[in-house]
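A short write-up of the structure that comes next.
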Amino acid sequence: MAIVLLTSGATLGTHVPALILAGRLRALGIEVRVEVFERLLRPDELDRLRAAKLAFRGNFKLAVAAQRMVRDQMPALDDAAVDELLHRWRAADVDQVVIFSGFWVPVVERYEALTSRTPRVDICHLDAAPTASFNLFRARTERFRHVWMFDAERGTAPTSIRVGDEDPVPWQLRERRLLAHGGGWGLGTYRDRAADLARAGLLVDVVTHDPSDVSALPSGCRAFMIDPKWEAWQDGGFPPFGEILPDGTVRYRRGAAYHDSFDLARHRVAMLCKTGGGTLIDSLWSATPIVLLAPFGAHEQVNADLWRRLGYGVTEQEWRDSGYSLDLLETLHRNLLTAREGTADYAADLAARAVQTEVPG
């Protein structure tokens, strides 16, 4: 019997950690399936999603406002696709699922009504506060097990999805560069802030999502790109990623165990970005601090406040006031090194629970 991870390709901060978890579970001998919510959407709804992605990249305020109007997506789904998925689960006797996006909750409830076994359900919170999709179904998920990567109240990272097996790059071996990004959709103020820092003489690597982004970057910036044609619901791997060369070409590559941009984070002194849950996981396991930018919604504000309070991040204004101090970033880096030591391995926990289920009696 497989563990089924229910993710969403609309936010790579949700999808990429799920892919990493799947790989770690397979390494522990556990059968895993990853289901992407958008594969169930009708074609017209996928077109709307693509249009929203473009609109939100160009207007961050619109993206933040839209998040406050999130609705149940069941009416947008292809009924035949949902039925096919649920009957496939029933045939496989799926009894353990991990929900990474709240939009899956009604689908799981329909599966529960179809099967004689009550599946074990984890709600995996990658953020320190519930996201908009989980808030939609807060009362309906109280009976499930909630697993938190970050505990805002206690100020801890109780469990996590480890990214890679290598230790963080030692501080003295890191390039004195920043990595600026806007998550999987390229949202937020990071491109403008990266340009400002480059004009101030700092070196910045910028993750772009469209070739037009590159011309606006000043000298001191290197541009990288996630393949704009890649869509998680059409591809089972990590997003293709590569540096944009002077002639405009990109040599895309992608790792088997984790996303390639994580290797950039490992070798940089800080990330300049908003604080999605996937970014916090990258920060923790690379021991790379975050220069905190404007958040995408209330849950990212909680994430940012937590990272700042724990000494893992600093606001852009605070870092500017310090004279862009590398010593300050090194202190945050060392705090992150210490934080990693007490964090439980979610993959090991899931694998142990799966093995217990299979033991007779």
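- Listed for the Tyr111 side chain is a donor-acceptor partner under 3.5 Å among the backbone atoms of Val94.
- At least one side-chain heavy atom of Arg251 sits less than 4.5 Å from a side-chain heavy atom of Leu245.
- Scanning for side-chain hydrogen bond (donor to acceptor under 3.5 Å, both in side chains) contacts around Arg176 gives an empty result, with sequence neighbours left out.
- Asp327 and Ser325 share no side-chain donor-acceptor pair at under 3.5 Å.
- Looking at His259, its side chain never comes within 3.5 Å of a backbone N or O of Gly255 through a donor-acceptor pair.
- Of the possible polar contacts, one joining the Arg254 side chain to the Phe238 backbone as a donor-acceptor pair under 3.5 Å is found.
- Below 30°, between 30° and 60°, or above 60°: for His146 and His125 the angle between ring planes is below 30°, a parallel geometry.
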Original post:
Given the rule in the salt bridge (Lys or Arg N to Asp or Glu O under 4.0 Å) test, do Glu318 and Arg308 qualify, once you have shown the distances and angles that lead to the verdict?
Top reply: CA-CA 11 Å; Glu318 288 169 333; Arg308 183 172 176 271; 2.4 Å; yes
**OP:** Could you give me the CA-CA distance, side-chain angles and deciding distance for Glu84 and Arg88, then say whether salt bridge (Lys or Arg N to Asp or Glu O under 4.0 Å) is met?
**Re:** CA-CA 6 Å; Glu84 190 278 329; Arg88 179 155 44 87; 3.3 Å; yes
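- Residues Val291 and Val302 are members of separate hydrophobic clusters, defined by side-chain heavy-atom contacts under 4.5 angstrom among Ile, Leu, Val, Met, Phe, Trp and Tyr.
- Residue Arg39 places its CZ atom among more than 12 non-hydrogen atoms of other residues, nucleotides or ligands, all under 6.0 Å distant.
- The backbone N or O of Phe224 lies less than 3.5 Å from a partner atom in the side chain of Thr208, making a donor-acceptor pair.
- Taken to the nearest 0.5 Å, the OG1 atom of Thr275 stands 15.0 Å off from the OH atom of Tyr312.
- Counting heavy-atom neighbours within 6.0 Å of Glu153 CD, excluding the residue itself, gives a total of 12 or less.
- Pro119 places a side-chain heavy atom less than 4.5 Å from the side chain of Glu112.
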**OP:** Walk me through it: do Phe100 and Cys124 pass the test side-chain contact (heavy atoms from CB on, under 4.5 Å)?
**Re:** CA-CA 5 Å; Phe100 285 86; Cys124 184; 3.6 Å; yes
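- Linking Ile, Leu, Val, Met, Phe, Trp and Tyr whenever their side-chain heavy atoms come within less than 4.5 Å puts Leu326 and Leu328 in one cluster.
- Inter-residue side-chain proximity for Leu350 and Leu25 is flagged as met; some heavy-atom pair is nearer than 4.5 Å.
- Closest non-hydrogen pair, Asp127 versus Gly277, comes out as OD2-N, 3.0 Å.
- Between Arg42 and Asp47 there is no salt bridge, since no side-chain nitrogen of the basic residue lies less than 4.0 Å from a carboxylate oxygen of the acidic one.
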Subject >> Verdict with reasoning, Asp227 to Arg253, per salt bridge (Lys or Arg N to Asp or Glu O under 4.0 Å) >> reply: CA-CA 10 Å; Asp227 185 350; Arg253 64 180 191 277; over 6 Å; no
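- Atoms OG1 and CD1, on Thr343 and Ile281 in that order, are 10.5 Å from each other to the nearest 0.5 Å.
- For the residue pair Gly9 and Glu38, the shortest heavy atom distance occurs at N-OE1, 2.7 Å.
- There is a side-chain donor-acceptor pair under 3.5 Å between Thr11 and Thr14.
- Between Leu272 and Arg193, the closest side-chain pair of non-hydrogen atoms falls below 4.5 Å.
- The structure places OG of Ser261 at 7.0 Å from NE2 of His181, a figure rounded to the nearest 0.5 Å.
- The two atoms that bring Ile3 and Ala354 nearest to each other are CD1-CB, 4.0 Å, heavy atoms only.
- Side chain to side chain, Tyr252 and Asp260 fail the donor-acceptor criterion of an N or O pair below 3.5 Å.
- In the hydrophobic clustering of ILVMFWY residues, with side-chain heavy atoms under 4.5 Å counting as a link, Val82 and Leu49 come out together.
- Side chain of Ser283 to main chain of Ile290: no donor-acceptor pair is present (N/O by atom type, distance under 3.5 Å, no hydrogens or angles).
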Original post:
Given the rule in the side-chain contact (heavy atoms from CB on, under 4.5 Å) test, do Leu19 and His15 qualify, once you have shown the distances and angles that lead to the verdict?
Top reply: CA-CA 6 Å; Leu19 291 180; His15 184 61; 3.5 Å; yes
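- In summary, of the residues considered (Asp205, Leu202, Val204), a side chain to side chain contact (heavy atoms under 4.5 Å, CB included) with Arg177 occurs for Asp205 alone.
- The aromatic rings of Trp307 and Phe150 stand perpendicular to each other, their planes meeting at an angle above 60°, with 30° marking the opposite boundary.
- Atoms CG and OG1, on Leu86 and Thr115 in that order, are 10.5 Å from each other to the nearest 0.5 Å.
- Arg48 places no side-chain N or O within 3.5 Å of a backbone atom of Pro43 that could act as its donor or acceptor partner.
- Judged by distance alone, the side chain of Arg162 and the main-chain N or O of Gly164 form a donor-acceptor pair under 3.5 Å.
- Residue-environment remark: CZ (Arg50) exceeds the threshold of 12 foreign heavy atoms within 6.0 Å.
- Remark: the backbone N or O of Phe144 is not paired with any side-chain donor or acceptor of Thr141 at under 3.5 angstrom.
- At least one side-chain heavy atom of Leu6 sits less than 4.5 Å from a side-chain heavy atom of Val4.
- Checking side-chain atoms of Ser286 against main-chain N and O of Arg266 turns up no donor-acceptor pair under 3.5 Å.
- Across every non-hydrogen atom of Gly311 and Asn335, the tightest pair is O-ND2, 2.9 Å.
- Here the closest heavy-atom approach between residue Cys221 and residue Val206 is recorded as SG-CG2, 4.1 Å.
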**OP:** In sequence, state the C-alpha distance, the side-chain angles, and the governing distance for Arg120 and Val97, and then conclude on side-chain contact (heavy atoms from CB on, under 4.5 Å).
**Re:** CA-CA 6 Å; Arg120 291 178 299 159; Val97 301; over 6 Å; no
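- Of all non-hydrogen atoms in Ala18 and Leu5, the two that sit nearest each other are O-CD1, 3.4 Å.
- Between the side chain of Ser133 and the backbone N or O of Ser101, no donor-acceptor pair lies under 3.5 Å.
- With a 4.5 Å cut-off on side-chain heavy atoms, His333 and Arg174 count as touching.
- Under 4.0 Å is where a charged nitrogen must lie from a carboxylate oxygen, and between Arg191 and Asp196 no such pair does.
- Val105 and Trp148 are assigned to two separate hydrophobic clusters, defined by single-linkage of ILVMFWY side chains at heavy-atom distances under 4.5 Å.
- One finds the CH2 atom of Trp233 at 11.5 Å from the OG1 atom of Thr7 (value rounded to the nearest 0.5 Å).
- Under a hydrophobic clustering in which Ile, Leu, Val, Met, Phe, Trp and Tyr are joined whenever their side-chain heavy atoms come within less than 4.5 Å, directly or via other members, Leu310 and Leu284 fall into the same cluster.
- In summary, the side chains of Arg320 and Thr315 do not present any donor paired with an acceptor at a separation below 3.5 Å, with no hydrogens or angles considered.
- Between the side chains of Trp285 and Ser160, at least one donor-acceptor pair of N or O atoms lies under 3.5 Å.
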**OP:** Show the numbers, then the answer: is there a side-chain contact (heavy atoms from CB on, under 4.5 Å) between Met271 and Leu264?
**Re:** CA-CA 10 Å; Met271 289 186 282; Leu264 281 183; over 6 Å; no
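- Between Pro130 and Phe137, the closest side-chain pair of non-hydrogen atoms is not below 4.5 Å.
- Residues Tyr258 and Val16 fail the side-chain proximity criterion, which asks for heavy atoms closer than 4.5 Å.
- How far CZ of Arg222 is from CG of Leu217: 12.5 Å, rounded to the nearest 0.5 Å.
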